[in-house]
Amino acid sequence: MAATFMRETEVVEESMVEGEKVRRKGIYLLPNLFTTSALFSGFFAVVAGINGDFSAAAIAIFIAMVLDGLDGRVARMTNTQSEFGAEYDSLADMLSFGMAPALVAFTWILQDIGKPGWIVAFLYVACAALRLARFNVQIGSVDKRWFIGLPSPSAAALVAASVWTFNSFDANEFGFKLLMLGVVAAAGILMVSNIRYYSFKDIDFKKPVPFVVLLAVVLGFVMISVEPSAMLLLLFGAYVISGPLQAVLRKVKRRH
């Protein structure tokens with residue numbers, strides 16, 4: 001029975017190698033372990049949010065971000081890329097950077113606003129799904145130096161850092177509820193916008209850099225360790241704002 005089960009559930013993937021169609025059975029374990037870990041972190045964030053542990057939920061989303069960044073790099077380094085891995089990664093991203101941030105924000109403060117709260121939470125989820133679908137179909141056809149629309153991990157980081165920071169300061173006033181409503185809505189809309197965001201993919205980490213660059217990285221880690229939630233909010237908030245700001249500057253430059 002075990003052999004039959006394994007045979008019936010085996011993944012068979014077809015790919016083109018040097019112009020010839022090649023069938024491969026099975027999946028690559030290493031990169032998919034990272035993807036599964038990211039998926040688990042996203043699920044843990046949802047559970048922690050439901051249980052009212054919002055700081056742990058936000059941290060879990062950031063852990064999912066790190067793991068999501070590693071799975072693709074590990075696959076490229078070990079030459080274990082596959083269509084299955086790409087699809088699995090996209091589905092894991094939908095939970096970790098789509099459902100999890102929206103549910104955490106909703107269970108923390110958006111549910112207090114009533115109907116606008118769950119509508120905005122759904123808007124974020126829908127925009128994350130659309131963003132991931134558009135990204136998948138645009139792979140290979142856009143300039144890799146830029147993301148079209150705010151990347152879903154960065155949108156999730158903005159929402160998670162906002163929840164983490166404001167919850168740490170016990171910010172439950174109505175003004176903060178409206179602010180969180182705006183943050184979640186803006187993050188969702190920016191994901192499906194055509195605003196370009198720098199991807200950092202053209203940075204060559206193998207090239208030598210000035211000593212001051214390493215010093216700046218060390219200082220950055222020190223600053224984040226002092227007040228992680230607030231510093232991460234400032235960091236990702238600056239990245240989110242950079243897209244619209246650069247778009248405005250480009251328009252002004254063209255007029256002149």
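Numbers here simply count residues along the sequence, with the first being 1.
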* Flag side-chain contact, heavy atom, 4.5 Å: Val125 against Met94 -> yes
* Indicate yes or no: at least one non-hydrogen side-chain atom of Val66 is less than 4.5 angstrom from one of Phe62. => no
* Structure fact -> Interatomic distance, OG@Ser90 vs CG@Leu95, rounded to 0.5 Å, equals 12.0 Å
* Asked: Can you list the steps and then say if Met180 with Val120 is a side chain to side chain contact (heavy atoms under 4.5 Å, CB included)?
  -> CA-CA 10 Å; Met180 199 64 200; Val120 166; over 6 Å; no
* Would you find a donor on one side and an acceptor on the other, under 3.5 Å apart, between the side chain of Ser41 and the backbone of Ser37? -> yes
* **Note, Phe166 side chain near Leu179 side chain (heavy atom, < 4.5 Å)** => yes
* Asked: How long is the gap from CG on Asp71 to CG on Asp89, to the nearest 0.5 Å?
  -> 4.5 Å
* To do: Mark yes or no for whether Tyr239, through its side chain, and Leu234, through its backbone, hold a donor-acceptor pair below 3.5 Å.
  => no
* Asked: Strictly under 6.0 Å, is that where the ring centroids of Tyr197 and Trp146 end up?
  -> no
* Asked: Looking at CD1 of Ile189 and CZ of Arg131, how far apart are the two atoms once the value is rounded to the nearest 0.5 Å?
  -> 15.0 Å
* Shared ILVMFWY cluster between Met191 and Phe122, side chains joined below 4.5 angstrom? -> no
* **Side-chain donor/acceptor of Thr165 to backbone N/O of Ser229, under 3.5 Å** => yes
* Asked: To the nearest 0.5 Å, what is the distance between CD1 (Ile113) and CG (Leu181)?
  -> 4.5 Å
* Asked: How far apart are the C-alpha atoms of Asp93 and Ser152, what are their side-chain angles, what is the distance that settles it, and do they pass the side chain to side chain donor-acceptor pair (under 3.5 Å) test?
  -> CA-CA 8 Å; Asp93 288 353; Ser152 56; 5.2 Å; no
* **Worked check of side chain to side chain contact (heavy atoms under 4.5 Å, CB included) between Leu150 and Val240** => CA-CA 7 Å; Leu150 179 65; Val240 170; 4.0 Å; yes
* **side-chain hydrogen bond (donor to acceptor under 3.5 Å, both in side chains) partners for Asn79, two or more places apart** => none
* Asked: Are any non-hydrogen side-chain atoms of Phe54 and Trp164 less than 4.5 angstrom apart?
  -> no
* Cluster question for you: counting only ILVMFWY and a side-chain heavy-atom cut-off of under 4.5 Å, with indirect links fine, are Tyr124 and Leu233 together? -> yes
* With a 4.5 Å heavy-atom cut-off, do Pro101 and Val104 have their side chains touching? -> no
* Are the side chain of Asp68 and the backbone of Ala64 linked by a donor-acceptor contact shorter than 3.5 Å? -> no
* Check whether any side-chain N or O of Thr107 sits under 3.5 Å from a backbone N or O of Leu103 as a donor-acceptor pair, and report yes or no. => yes
* Short side-chain to backbone donor-acceptor contact, Arg196 and Phe147, under 3.5 Å -> no
* **Common cluster, Leu158/Phe176, ILVMFWY with side-chain heavy-atom separation under 4.5 Å** => yes
* Within-4.5 Å side-chain heavy-atom neighbours: Phe236 and Met65 -> yes
* **Leu67 side chain reached by Ser96 side chain, heavy atoms, under 4.5 Å** => no
* At what distance, to the nearest 0.5 angstrom, does CD of Gln246 lie from CD1 of Ile241? -> 12.0 Å
* Is it true that a side-chain atom of Asn136 and a backbone atom of Leu132 form a donor plus acceptor pair closer than 3.5 Å? -> yes
* To do: Show the numbers, then the answer: is there a side chain to side chain donor-acceptor pair (under 3.5 Å) between Tyr88 and Ser82?
  => CA-CA 10 Å; Tyr88 186 32; Ser82 67; over 6 Å; no
* Side-chain (Arg134) to main-chain (Ala129) donor-acceptor, under 3.5 angstrom -> no
* Asked: Does Val192 belong to the same Ile/Leu/Val/Met/Phe/Trp/Tyr cluster as Val184, with side-chain heavy atoms less than 4.5 Å apart forming each link?
  -> no
* What's the shortest heavy-atom distance between Val74 and Thr80, and which atoms? -> O-OG1, 4.2 Å
* Asked: Among the clusters formed by ILVMFWY side chains lying less than 4.5 Å apart, do Phe44 and Ile61 turn up in the same one?
  -> no
* Could you state the interatomic distance from CE (Met77) to CG (Leu30), rounded to the nearest 0.5 Å? -> 9.5 Å
